[in-house]
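Structure first, commentary second.
Position 1 is the first residue of the sequence; numbering continues from there. Only a predicted model underlies this, so the values are computations on that prediction, with no experimental measurement involved. Computed from heavy atoms alone, side chains included, the values below leave out hydrogens, waters and symmetry copies. Remember, it's 1-based here, ligands and their atoms both numbered in the order they're listed.
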Amino acid sequence: MPEMLASYVAGTWYTAPDEGIVVVDAATGDPVARVSSTGLDTRAAVEHARRVGGPALRRLTFHERAAALKALATHLDSKKSTYYELSTSTGATRRDSAVDIDGGIATTFAFSGAGKRELPEGYVLADGDMVQMGKEGTFVGRHVYTALPGAALQINAFNFPVWGMLEKLAPAVLAGMPSIVKPATQTAYLTAAVVRDIVASGALPEGAVQLVCGGLGDLLDHLGGQDLIAFTGSASTATVLRGHTAVMARATRFNAETDSLNCSILGPDALAGTPEFDLFVKEVAREMTVKAGQKCTAIRRAFVPQPAIDDFVSALQARLAKVVVGNPRNEAVTMGALVSLRQRDEVRAAVQSLRHAAEIVSGDPENVEPIDADSHRGAFIAPILMRCTDADRSEPHDIEAFGPVSTVIAYKAVDDVADLAARGNGSLVGSIVSHDPDFVREVVLAAAPHHGRLLVLDRDCAAESTGHGTPMPQMVHGGPGRAGGGEELGGVRAVKHYMQRTALQGSPAAIAAIVGAA
Ligand code: NAP
């Protein structure tokens, strides 16, 4: 039997006494770890965060916290070969692992830099200028942010076991709030390895980070109005959590990053032969295949002007034909496995539902011949391109196949494409690939309220562009509606999510003494 993952709670490593759930390698089906939280003292975790981790973090100034993050990121960077090895078991190729591991470490460095540059050398963060409230100027107001004295419960999805944790942990540390990390069971072994190194490094004070491997039990029952839940995962789990008494009755803060039917739009100016057409084909192919399409930001819907549709489908078919599916340990492989056989079943079922509205024009969801692997034991699937000829159908805008699956839909006019984009009911990201500023402007103004992020991609920015699917630490990540309505990242903005904003009123001297002394 594989080893049971230990949780880290109240300063000790806890191993559950039962058999737990056996998690297997995505490509080989071999057991990797067991996961269980049976018997874990969840109250102790919350109390430890409040009484030990939080006060210790808040004794440090913002700049000292930023320095701690830098030391942490440097330490994790020196350990990353171990993470790469473990990451392969999640089905990830080296390129996929880089997004998760190097992306997570880079995000930690970025928060450290932002903390040093943009936060004061103190404990209180002023928001905006002093506002004069009386005629004589003796009574003024200023908004200030102070760290919440509670615990930040961070619940993560399976697809980014490293980045998903670090992008939440880093702003929480900067804010002065302790984290309880709960990774998805399926890939918890990789998160656990990183947390072990975080604890051993001593870069953060004791209690700043705790780990729960397995279910949360009754942990939410112990949360109150100074605590926070930062959730990433499916919309259905978000709905369950949002309805918990902690959130409903005790106003525990709740942030959700959920599913998204992200779209990419090719401009009418960008027919075959233009640089934008080539960029679009490349971007859609990349988004379909990186992490085998298991990215919340992946392009699920490609909107193409009617005159370009046949050229686009042919060009993408040619690219997808070159994708080598198989065991990510083999260097020839360009797309690894889905995280589990269950996930593959779910993707296949989603493709079947999409088929009511669209035909498959590339790939077979039931058959693939992976190299260096057994297609029955590993969770492999071919990239699937679908073409929907009836733009009024709801399926492509409703069904998230969380794998290498995209649907292409033709549009005729600018208004049509703006409507199609909005039918995703709120997305994390959309992209417009065009070199026509009028078209771009019109689409951006219509689509922006439905998106957390919009990328305008053209020949001028392509060389430096970070791409459709990559959330950057400096820019907001999150989206309205179906995407969860939450917000993460965005530089020091993310730090404020872990703090309370208070309208401080008094004399200029009294307020300056507080903010200035900070
Ligand atoms: P999930 O099934 O919703 O699980 C997400 C997390 O919630 C896991 O840690 C899971 O733990 C936990 N969880 C499940 N039920 C829970 C409950 N009743 N109480 C407390 N925690 C609970 O999602 P997933 O399958 O891991 O991830 C795939 C989904 O996440 C996709 O829909 C994708 O679009 C979305 N996603 C969104 C973003 C974003 O930034 N917006 C990023 C990545 C993924 P267990 O694993 O132990 O069940």
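Neither side chain, Asp41 nor Tyr14, offers a donor N or O lying under 3.5 Å from an acceptor on the other. Side-chain contact, His48 with Glu206: a donor N or O sits under 3.5 Å from an acceptor N or O. Side-chain polar atoms of Asp100 and Ser97 form no donor-acceptor pair below 3.5 angstrom. In summary, the side chains of Ser37 and Lys182 do not present any donor paired with an acceptor at a separation below 3.5 Å, with no hydrogens or angles considered. In the model, His244 has a side-chain atom that pairs as donor or acceptor with a side-chain atom of Asp221 under 3.5 Å.
Between Gln186 and ligand 1, a contact under 3.5 Å exists for no N or O pair. Taking distance alone, with nitrogen or oxygen atoms compared against 3.5 Å, Thr258 approaches ligand 1 more closely than that limit. Residue Thr185 places at least one N or O, backbone or side chain, under 3.5 Å from an N or O of ligand 1. In terms of N/O distances under 3.5 Å, ligand 1 is not approached by Ile155.
Within ligand 1, the atoms closer than 4.0 Å to a non-hydrogen atom of His477 are 39 (C), 40 (O), numbered from 1 in the order shown. Shown in contact with Glu400 at under 4.0 Å from a heavy atom are these atoms of ligand 1, numbered in order with element: 31 (C), 32 (O), 33 (C), 34 (O). Numbered from 1 in the order shown, with element, the atoms of ligand 1 that lie under 4.0 Å from a heavy atom of Leu216 read 20 (C). Within the listing of ligand 1, atoms 39 (C), 41 (N) sit less than 4.0 angstrom from a heavy atom of Leu428. Contact atoms of ligand 1 toward Phe402: 28 (C), 31 (C), 33 (C), 34 (O) (distance under 4.0 Å to a heavy atom of the residue). Set against the non-hydrogen atoms of Ala184, the atoms of ligand 1 under 4.0 Å away are 8 (C), 9 (O), 46 (O). Shown in contact with Asn159 at under 4.0 Å from a heavy atom are these atoms of ligand 1, numbered in order with element: 43 (C), 44 (C).
Side chains of Phe231 and Asn255 form no contact here, defined as non-hydrogen atoms less than 4.5 Å apart. For the pair Arg348 and Glu366, the minimum side-chain heavy-atom distance is below 4.5 Å.
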* **Verdict with reasoning, Val429 to Ser260, per side-chain contact (heavy atoms from CB on, under 4.5 Å)** => CA-CA 8 Å; Val429 53; Ser260 194; over 6 Å; no
* Go through Thr232 and Ile155 one step at a time and tell me if the side-chain contact (heavy atoms from CB on, under 4.5 Å) criterion holds. => CA-CA 6 Å; Thr232 299; Ile155 305 175; over 6 Å; no
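Counting protein heavy atoms under 4.0 angstrom from atom 40 (O) of ligand 1 gives one or more.
Aromatic ring centres of Phe280 and Phe312: separated by under 6.0 Å. The ring of Tyr145 has its center no closer than 6.0 angstrom to the ring center of Tyr498.
To the nearest 0.5 angstrom, Asn156 atom CG is 9.0 Å from Thr187 atom OG1.
Atom 35 (C) of ligand 1 has its nearest heavy-atom neighbour, among Gly233, Gly479, Ala157, in Gly233. Here the shortest heavy-atom distance to atom 20 (C) of ligand 1, taken over Ile21, Leu241, Thr297, belongs to Leu241. Of all the listed residues (Val35, Asn156, Thr237), Asn156 holds the heavy atom that lies closest to atom 6 (C) of ligand 1.
With respect to atom 18 (N) of ligand 1, the closest heavy atom belonging to the protein is Val240 CG1, 4.2 Å. The single protein non-hydrogen atom nearest to atom 23 (O) of ligand 1 is Ser234 N, 3.4 Å, given as residue, atom name and distance. For atom 36 (N) of ligand 1, the closest non-hydrogen atom on the protein side is Cys296 CB, 3.6 Å. Distance from atom 5 (C) of ligand 1 to its nearest protein heavy atom, with residue and atom name: Thr232 O, 3.6 Å.
If you look at Leu220 next to ligand 1, there are no close heavy atoms at all, none under 4.0 Å. By the criterion of a heavy-atom distance under 4.0 Å, the backbone of Pro183, and not its side chain, is placed next to ligand 1. If you look at Glu488 next to ligand 1, there are no close heavy atoms at all, none under 4.0 Å. With a heavy-atom cut-off of 4.0 Å, Phe158 touches ligand 1 through backbone and side chain alike.
When atom types are taken as modelled, the side chain of Thr297 and the backbone of Gly469 share a donor-acceptor pair closer than 3.5 angstrom.
In this structure, Phe231 counts as a contact residue of ligand 1, since one of its heavy atoms falls inside 4.0 Å of the ligand.
Here Arg329 pairs with Asp25 in a salt bridge; the nearest charged N to carboxylate O distance falls below 4.0 Å.
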